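All values derive from a computational prediction rather than experimental measurement. We're numbering straight along the sequence, starting at 1. For the numbers below, each heavy atom of this structure counts, side chains included, while hydrogens, waters and symmetry mates do not.
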Amino acid sequence: MEQRGFLLIADITGYTAYLSESELDHAQGTLTDLLELLIEHTRPPLRISGLAGDAVLSYSLDEGFVSPQTFIESLEDTYVAFRRAIELMVLNNTCQCNACANVSSLDLKFFVHHGTFVLQTVGGYQELVGSDVNLLHRLLKNTVKAELGLGAYILCTDAAERALGLDEAGPEMVRHVESLAEFGEVVTWIRDMHPVFEERKDEALITYGEEEVVTTLETTVALPPAIVWDYLNQSRFRDILMGSDRHELLDLTGSRVGEGTVYQCYHGNHAIPQVVLEWRPVDRVVVRMTAPVPAGPIDVLVDFTLTPIDEGTRLTQTLARLEGPILGRATFRTMVRLMGSQDRRRLASFGHSIETDYANRSRPSTPARLVGVEEIAAAASDSLRSAADG
């Protein structure tokens, strides 16, 4: 049956040139490690279809897909993790061979398309078949490097750009046209990934000691972290979580939520601002909430952390690091203690609500494909063999 959705290829840049100057046994170890990283970061609702040498092909059906911002940020997160892995390889290198010395020449690019395809079962696996799949593979060989000078980028076809609404998701995209014999002129949109890493490579994480923690609550949600993250930032579900009447988003970066964004939370006539201090899709968001108490306003950190578990996601809410008048801090702690059972119910209600909503708007999907170490090693070996034969 024909399906409709998103297709993604994560492709390691510069691997052919790297192999031509490298010892193959060490090069295979490097490629295996990097493929494992890409697989680890291919999270639901994306599902892996297969490995093609030094690339990972995945897909997601339209139903149950994440928001454009979450999708783009997941690619950004993968790219930052990839670059950090490369830097660690360079830093920890004690080998003098070319394969280890030249690992810094490797980079990463993403190819995104939206269209139709057939999921064909071959050997127990779901393989993608169709013209749109062929188009995405053909775009792997392109003129982006020659014309734009970019070696690490996101390439979105015009169909993917329109389906994602990237003009609303924020990243600046450059229009670029590829001429393909089978498909004619294909309009694409390119985003340079190097500035993403430069902006995030030295990002600091917010920490606090156990003595600063006011309370910690947890609930288990039977959905993957990316889906929970999406719901965590939707106003009507955030109202359930915070027990508020409504929310407003202020101080967006373009149209994207991120550090500096303010969740304006209304409880009756009272507006309680929550300023985003740390934004790490799809793992953690920390806000500074200014809570009105009789003895004076109190600032408190509200930390939502999403941890992948076998059952889905463990959602942890932590209140920590109170700042303000001593009497106000004491009053706030008392309020938190008295409202503990109510807050636990809100957290559980949030989980149940998003599970129900997601079930109502998405179709059941096939189980996620698990890629084992042997398959990864085989893909790396095939890539090396192809490069050597070429």
Side-chain angles (χ1 to χ4, degrees), residues 67 69-70 206 208 212-221 223 227-253 255-282 284-306 313-358:
S67 69
Q69 176 171 341
T70 297
I206 292 174
Y208 41 80
E212 296 180 280
V213 174
V214 179
T215 185
T216 298
L217 304 174
E218 290 184 351
T219 193
T220 297
V221 185
L223 293 171
I227 303 298
V228 178
W229 176 268
D230 255 9
Y231 279 109
L232 192 62
N233 295 289
Q234 293 181 29
S235 292
R236 71 186 181 99
F237 293 99
R238 196 173 182 86
D239 285 336
I240 297 172
L241 188 63
M242 305 305 296
S244 54
D245 299 320
R246 63 187 179 91
H247 271 80
E248 288 181 354
L249 284 175
L250 309 175
D251 298 330
L252 298 173
T253 302
S255 59
R256 288 176 68 166
V257 179
E259 291 183 11
T261 295
V262 178
Y263 291 101
Q264 193 82 310
C265 176
Y266 290 91
H267 298 259
N269 294 325
H270 297 287
I272 300 178
Q274 300 176 12
V275 182
V276 177
L277 302 182
E278 183 178 316
W279 181 262
R280 287 197 294 127
V282 295
R284 186 189 191 210
V285 57
V286 182
V287 303
R288 183 182 65 245
M289 179 175 71
T290 302
V293 297
I298 295 298
D299 284 343
V300 58
L301 297 184
V302 185
D303 177 345
F304 290 103
T305 298
L306 290 70
T313 302
R314 180 186 301 113
L315 176 60
T316 305
Q317 175 185 305
T318 302
L319 304 184
R321 196 184 295 169
L322 295 180
E323 295 180 357
I326 294 176
L327 183 57
R329 282 180 278 159
T331 302
F332 184 83
R333 287 182 180 275
T334 300
M335 292 169 57
V336 169
R337 186 167 60 251
L338 293 174
M339 297 175 63
S341 59
Q342 182 178 349
D343 290 339
R344 274 188 285 273
R345 285 195 298 270
R346 285 175 183 165
L347 195 64
S349 178
F350 169 79
H352 295 322
S353 297
I354 68 175
E355 287 171 354
T356 300
D357 185 79
Y358 189 76

message: So for atom CD1, which belongs to Ile326, do other residues, nucleotides or ligands contribute more than 12 heavy atoms lying within a distance under 6.0 Å?
response: no
message: For Tyr266 and Asp239, which I'm curious about, is there any donor-acceptor pair between the side chains at under 3.5 Å?
response: no
Expected output: side-chain [X] to main-chain [Y] donor-acceptor under 3.5 Å:
| X | Y | answer |
| --- | --- | --- |
| Thr305 | Thr316 | no |
| Tyr231 | Tyr358 | yes |
| Gln69 | Val257 | yes |

Roughly how far, to the nearest 0.5 Å, is the [atom2] atom of [Y] from the [atom1] atom of [X]?
| X | Y | atom1 | atom2 | result |
| --- | --- | --- | --- | --- |
| Leu315 | Thr220 | CG | OG1 | 9.0 Å |
| Gln317 | Glu218 | CD | CD | 11.0 Å |
| Leu249 | Arg238 | CG | CZ | 8.5 Å |
| Phe332 | Leu319 | CZ | CG | 5.5 Å |
| Thr331 | Leu322 | OG1 | CG | 11.0 Å |
| Leu347 | Leu217 | CG | CG | 6.0 Å |

Identify the two heavy atoms, one from [X] and one from [Y], that lie closest to each other, and give their separation to 0.1 Å.
| X | Y | value |
| --- | --- | --- |
| Leu232 | Leu241 | CD1-CD2, 3.4 Å |
| Cys265 | Ser244 | SG-CB, 3.2 Å |
| Thr219 | Ala348 | OG1-CA, 3.9 Å |
| Pro273 | Ala271 | CD-O, 3.6 Å |
| Val213 | Arg333 | O-NH1, 4.2 Å |
| Trp229 | Pro281 | CZ2-CA, 3.7 Å |

task: Using a strict cut-off of less than 4.0 Å between a Lys/Arg side-chain nitrogen and an Asp/Glu carboxylate oxygen, indicate whether Glu323 and Arg321 qualify as a salt bridge.
output: no
field: SB check Asp343 Arg346 (cutoff 4.0 Å)
entry: yes
Selection residues 268-280 - residue pairs positive for salt bridge (Lys or Arg N to Asp or Glu O under 4.0 Å), sequence neighbours left out: Glu278-Arg280, Glu278-Arg284
query: Can you find a heavy atom in the side chain of Val336 that is under 4.5 Å from one in the side chain of Val300?
result: no
Could you tabulate the donor-acceptor pairs under 3.5 Å formed by side-chain atoms of residues 349-356, not counting sequence neighbours?
{"residue": "Ser353", "atom": "OG", "partner": "Ser349", "partner atom": "O", "Å": "2.8"}
{"residue": "Glu355", "atom": "OE2", "partner": "Ala222", "partner atom": "N", "Å": "2.7"}
{"residue": "Thr356", "atom": "OG1", "partner": "His352", "partner atom": "O", "Å": "3.0"}

task: Take Leu250 and Thr261 through the test side chain to side chain contact (heavy atoms under 4.5 Å, CB included) and record every step on the way to the result.
output: CA-CA 6 Å; Leu250 309 175; Thr261 295; over 6 Å; no
- prompt: Which is it for Val293 and Met335 under the side chain to side chain contact (heavy atoms under 4.5 Å, CB included) test, yes or no, and what are the steps along the way?
  reply: CA-CA 9 Å; Val293 297; Met335 292 169 57; 3.8 Å; yes
Chi angles and distances behind the side chain to side chain contact (heavy atoms under 4.5 Å, CB included) call for Asn233, Tyr263: CA-CA 9 Å; Asn233 295 289; Tyr263 291 101; 2.3 Å; yes
field: Asp303/Leu301 under side chain to side chain contact (heavy atoms under 4.5 Å, CB included): CA gap, chis, key distance, verdict
entry: CA-CA 6 Å; Asp303 177 345; Leu301 297 184; 5.8 Å; no
query: What residues, two or more places apart in sequence or in another chain, satisfy side-chain hydrogen bond (donor to acceptor under 3.5 Å, both in side chains) together with Ser67?
result: Thr70, Asp230
